[in-house]
There are 2 protein chains.
Amino acid sequence: MTKIVNFKEKLATFDELWTPKVIAQMNEVQFKLVKIQGEFTWHSHQETDEVFMVIDGDMTIQFRNHTVELSSGELFVVPKGVEHKPFAKELCQVMIIEPSGVINTGESEGNLTAKNDVWI
Amino acid sequence: MTKIVNFKEKLATFDELWTPKVIAQMNEVQFKLVKIQGEFTWHSHQETDEVFMVIDGDMTIQFRNHTVELSSGELFVVPKGVEHKPFAKELCQVMIIEPSGVINTGESEGNLTAKNDVWI
């Protein structure tokens, strides 16, 4: 049987920024916690939509033609293939929901690319 | 482009119990809000895991051999095919995440079976 996942307890176990940690899996879909601050890189995921759910703090998702502002208790679906750039002025704690195997930087691998499938 | 989903705003739009409302979709996976109070029916979903995430309140998920207690900020994956019975002593607000097409009462259709794929 699976275990209860408490967001606060899981978030207390790491400090690294921009490194999604898997906390649960439903079929092939993974639930990942990530702490973000500052600017990420422009990227897209050609094979899947991606969900951002803010647990604590504020973040923006920049698109090529507009920007979305998200706060705690809000969720946003980035459609498959759409270029986006996450940003947070101050520390923001986020749950990302997407199929297993998705790389955080999508098609833009570089020094922000995190190890995939790291469970906490 | 998809829209920002604010849980509080969406939850303020309905009062019915045990009737999941779809608020977002990622690929084939739907995100549903539901208000629960009292006892649901024993059921299982033969074709999929199911995620419960408590937004506000407390709930239990009864299994045939144990019980899981969930509070706000906690998430639980009910594995595919496992019989379960949700319960909440007082009003509890929950997000359910599962593939589109899943019926709330699974293989136990009856008077608690809700209309599927209702978006708010």
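Residue numbers start from 1 in every chain, and the chains themselves are labelled A, B, ... in the order their sequence lines are given, proteins ahead of strands.
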Can I get a per-line list of side-chain donor-acceptor pairs under 3.5 Å for residues 50-63 of chain B, giving both atom names and the distance, sequence neighbours left out?
from  : atom 1 : to    : atom 2 : distance (Å)
B/E50 : OE1    : B/H45 : NE2    : 3.2
B/E50 : OE1    : B/H84 : NE2    : 3.1
B/E50 : OE2    : B/H45 : NE2    : 3.4
B/D58 : OD1    : B/S71 : OG     : 2.7

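Looking at B/I4, the atoms closer than 4.5 Å to chain A (heavy atoms on both sides) sit in the backbone and in the side chain alike.
Here A/F87 sits alone; no ILVMFWY side chain lies under 4.5 Å from its own, so it joins no hydrophobic cluster.
Taking 4.5 Å as the limit, some side-chain heavy atom of B/V102 sits within range of a side-chain heavy atom of B/E47.
For residues 25-44 of chain B, a heavy-atom distance under 4.5 Å to chain A picks out B/Q25, B/M26, B/N27, B/E28, B/V29, B/F31, given by residue number.
The salt bridge (Lys or Arg N to Asp or Glu O under 4.0 Å) search around B/E16 returns B/K21, not counting sequence neighbours.
Under a 3.5 Å cut-off, the side chain of B/N104 and the backbone N or O of B/L112 do form a donor-acceptor pair. Looking only at distances, a side-chain donor or acceptor of A/K10 sits under 3.5 Å from a matching main-chain atom of A/I120.
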